[in-house]
Amino acid sequence: WSEATWASASRGFAPFAKLLVIPLLFIHFRQSDRGFWVFGAFLLSCALLLVASLILISWPRPFGWRLNTHGIPVKDRIVQSGEFVLCAFGLVYVAFDRFRVGQRWLAMALAGLAGAFLANVLYIAASRTSLVVIPILLLFLGYRWFGWKGTLALAVAGGALGAIVWVSSPHVQQRILDIAKEVQAYETDREVT
């Protein structure tokens, strides 16, 4: 690889690398009395971002402003989808714990919010990174909660859900199909992708 190729690769990884700090903060604050507050603040900020994203999808020109965001009000699709995936899986984890202790209504509300975050990722702001991370996190959670047999069942359920998303989301189809175009552009013209 040439120096320019490495530079391009590192530029593409930089936004994702910033997101890697968030789980480290969660791990750090897990033992702290303030851990809940850190997760809550992150969740609240992402929930507000989710609301803003949904407003921009349903009302693309608020107050006559000409915005070209397509449901991504801040930064880019990589950051938004990465944050939403973190929130969704954090909420699923908490919802499962609440369900086990009998707080079923709270568990369903948290699972619904997690579903809203994932729906935004899959239908509005999908990034290829998030599309790779979602099945991996699903397998990790499945193994943590259910062992290998449960992980296999969760993988099958995830595959069925993935097929439904593939059929119902032209956005996800386009993101996946763009990979082949970018690989071909790199192979024929050495275009940096």
_Membership question, hydrophobic clusters at under 4.5 Å side-chain separation (ILVMFWY): are Val94 and Phe117 in the same one?_
yes

_So which atom in Arg77 and which in Ala126 form the shortest heavy-atom distance, rounded to 0.1 Å?_
CD-O, 3.0 Å

_For Gln184, I'd like to know if atom CD has over 12 heavy atoms of other residues, nucleotides or ligands within 6.0 Å._
no

*asked:* According to a hydrophobic-cluster definition based on side-chain heavy atoms being under 4.5 Å apart (Ile, Leu, Val, Met, Phe, Trp, Tyr only), do Ile134 and Trp145 belong together?
replied: yes

*Can you tell if the side chain of Val165 reaches within under 4.5 Å of the side chain of Tyr123, non-hydrogen atoms only?*
yes

*Taking the six-membered ring for Trp, is the centroid-to-centroid distance between Tyr93 and Phe39 below 6.0 Å?*
no

*Heavy-atom pair with the smallest gap, counting every atom of Ser53 and Gln80*: OG-NE2, 3.5 Å

*Could you walk me through whether Val132 and Arg128 pass side chain to side chain contact (heavy atoms under 4.5 Å, CB included), step by step?*
CA-CA 6 Å; Val132 169; Arg128 291 181 299 249; 5.6 Å; no

*asked:* Atom CZ of residue position Phe99 - does it have more than 12 heavy atoms of other residues, nucleotides or ligands inside 6.0 Å?
replied: no

*Name all pairs fulfilling the salt bridge (Lys or Arg N to Asp or Glu O under 4.0 Å) condition that reach into residues 99-110, sequence neighbours left out, sorted by first residue then second.*
Asp97-Arg100

_Criterion side chain to side chain contact (heavy atoms under 4.5 Å, CB included) on Leu54 and Ile124, from CA distance to verdict_ = CA-CA 9 Å; Leu54 295 176; Ile124 297 172; 4.1 Å; yes

_Within a 6.0 Å radius of atom CH2 on Trp37, are there more than 12 heavy atoms belonging to other residues, nucleotides or ligands?_
no

*CG/Leu49 to CG/Leu44 distance, rounded to the nearest 0.5 angstrom?*
11.5 Å

_If you compare all heavy atoms of Gly142 against all heavy atoms of Leu154, which two are closest, and at what distance to 0.1 Å?_
CA-CD2, 3.4 Å

*Nearest heavy-atom pair of Ala95 and Ala111: which atoms, and what distance?*
CB-N, 4.0 Å

*Which value, rounded to the nearest 0.5 Å, describes the distance between Lys149 atom NZ and Thr151 atom OG1?*
12.0 Å

*asked:* Go through it in stages, so that I can follow the logic: the residues are Leu138 and Phe89, the test is side chain to side chain contact (heavy atoms under 4.5 Å, CB included), and I'd like the CA-CA distance, side-chain angles, deciding distance and then a yes or no.
replied: CA-CA 8 Å; Leu138 194 62; Phe89 278 90; 4.2 Å; yes

*asked:* Are Leu106 and Leu113 connected into the same hydrophobic cluster when the rule is that any two of I, L, V, M, F, W, Y join if their side-chain heavy atoms are below 4.5 Å apart?
replied: yes

*Which heavy atom of Ala114 sits nearest a heavy atom of Ala88, and at what distance?*
CB-O, 3.5 Å

*Kindly work out whether a path of hydrophobic side-chain contacts (I/L/V/M/F/W/Y, heavy atoms less than 4.5 Å apart) joins Ile164 to Trp166.*
no

*asked:* Within this structure, what is the OG-CZ distance for the pair Ser130 and Phe84, rounded to the nearest 0.5 Å?
replied: 10.5 Å

*Between Ser45 and Phe42, which heavy-atom pair has the shortest distance, and what is it?*
OG-O, 2.8 Å

*Please report the C-alpha distance between Leu137 and Val92 in whole Å, then the side-chain angles of each, then the deciding distance to 0.1 Å, and finally whether the side chain to side chain contact (heavy atoms under 4.5 Å, CB included) criterion is met.*
CA-CA 11 Å; Leu137 288 175; Val92 166; over 6 Å; no

_Within the 4.5 Å heavy-atom criterion, are Leu122 and Leu131 side-chain neighbours or not?_
yes

*Hey, is the main chain of Ser127 close enough, under 3.5 Å, to the side chain of Arg175 for a donor-acceptor pair?*
no

*Taking atom OH of Tyr143 as the centre, does the number of heavy atoms from other residues, nucleotides or ligands within less than 6.0 Å exceed 12?*
no

*Do Ile57 and Leu118 belong to the same hydrophobic cluster, where Ile, Leu, Val, Met, Phe, Trp and Tyr are linked whenever their side-chain heavy atoms lie under 4.5 Å apart, directly or via other members?*
yes

*Roughly how far apart are Gln173 CD and Leu177 CG, rounded to 0.5 Å?*
7.0 Å

